[in-house]
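Reviewing the structure listed below.
Any value given below was found using the heavy atoms of this structure, including those in side chains, with hydrogens, waters and symmetry copies removed.
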Amino acid sequence: MKVTVYTSRGCSYCERIKNDLREWGIEDFEEKNVSENPDYFDELHDEGIFTTPVTKVDDNAIVGYRPNKMKDLLGVEA
């Protein structure tokens, strides 16, 4: 399972998602900060997404802070 988190500078929900992932034992995720690398924002724009945070679990994109949806996709017990 590949987990990628698109974040931006100053985004409190981005930090919460990263903390949740670590709390759930998922340490091996890739962070793509769109503030530091605009090419990452272009990747999201190509998919019609214009905001952060976005968490991708394999090919499934979760837009916004949706911990229950993330748990479902990751197989984490509620």
Side-chain angles (χ1 to χ4, degrees):
M1 170 181 352
K2 179 177 169 67
V3 179
T4 307
V5 182
Y6 289 83
T7 63
S8 58
R9 200 173 296 122
C11 170
S12 62
Y13 285 114
C14 299
E15 292 303 316
R16 287 178 70 178
I17 286 173
K18 294 187 297 181
N19 289 335
D20 285 350
L21 288 170
R22 291 182 190 108
E23 183 178 308
W24 300 333
I26 299 165
E27 300 279 343
D28 187 28
F29 62 87
E30 179 181 7
E31 180 179 0
K32 292 186 172 186
N33 188 304
V34 302
S35 300
E36 296 172 6
N37 186 338
D39 291 341
Y40 296 148
F41 218 14
D42 290 340
E43 290 176 17
L44 292 177
H45 290 171
D46 290 345
E47 296 184 42
I49 300 170
F50 299 91
T51 188
T52 59
V54 175
T55 306
K56 288 184 125 188
V57 179
D58 294 325
D59 293 327
N60 300 295
I62 304 162
V63 180
Y65 180 69
R66 301 184 57 203
N68 291 334
K69 177 75 172 169
M70 287 175 38
K71 284 180 180 179
D72 287 344
L73 284 175
L74 295 166
V76 175
E77 293 296 319

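Each of Ile49 and Met70 belongs to its own hydrophobic cluster when Ile, Leu, Val, Met, Phe, Trp and Tyr are linked at side-chain heavy-atom distances under 4.5 angstrom. Grouping the Ile, Leu, Val, Met, Phe, Trp and Tyr side chains by contacts below 4.5 angstrom, directly or via other members, places Tyr40 with Val54. Residues Val63 and Ile17 fall into different hydrophobic clusters, defined by Ile, Leu, Val, Met, Phe, Trp and Tyr side chains chained together at heavy-atom separations under 4.5 Å. Leu73 is connected to Tyr13 through a chain of hydrophobic side-chain contacts under 4.5 Å among Ile, Leu, Val, Met, Phe, Trp and Tyr, so both are in one cluster. Ile62 is not connected to Leu44 by any chain of hydrophobic side-chain contacts under 4.5 Å among Ile, Leu, Val, Met, Phe, Trp and Tyr, and they are in different clusters.
Residues Cys11 and Tyr6 have side chains not in contact (no heavy-atom distance under 4.5 Å, counting atoms from C-beta outward). Contact of the Leu74 side chain with the Leu21 side chain is registered, since non-hydrogen atoms from C-beta on lie closer than 4.5 Å. Asn37 has its side chain out of reach of Lys32: every pair of non-hydrogen atoms, C-beta onward, lies at least 4.5 Å apart. With contacts defined as side-chain heavy-atom distances shorter than 4.5 Å, the pair Arg22/Phe29 qualifies. Put simply, the side chain of Thr52 does not reach to within 4.5 Å of the side chain of Thr7, judged on heavy atoms.
Salt bridge annotation for Glu47-Lys56: present, with a cationic side-chain nitrogen under 4.0 angstrom from a carboxylate oxygen.
Taking CG from Asn60 and NZ from Lys2, the interatomic distance works out to 14.0 Å, rounded to the nearest 0.5 Å. In this structure, the separation between OG on Ser8 and CZ on Phe41 is 7.0 Å, given to the nearest 0.5 Å.
The shortest non-hydrogen separation linking Asp20 to Pro67 is OD2-CB, 4.0 Å. Of all heavy-atom pairs spanning Glu77 and Lys71, the tightest one is O-CD, 4.3 Å.
By the neighbour-count criterion of 12 heavy atoms within 6.0 Å, atom CG of Asp58 is densely surrounded, having more than that number from other residues, nucleotides or ligands. In this structure, Lys69 places its NZ atom where only 12 or fewer heavy-atom neighbours from other residues, nucleotides or ligands lie under 6.0 Å away.
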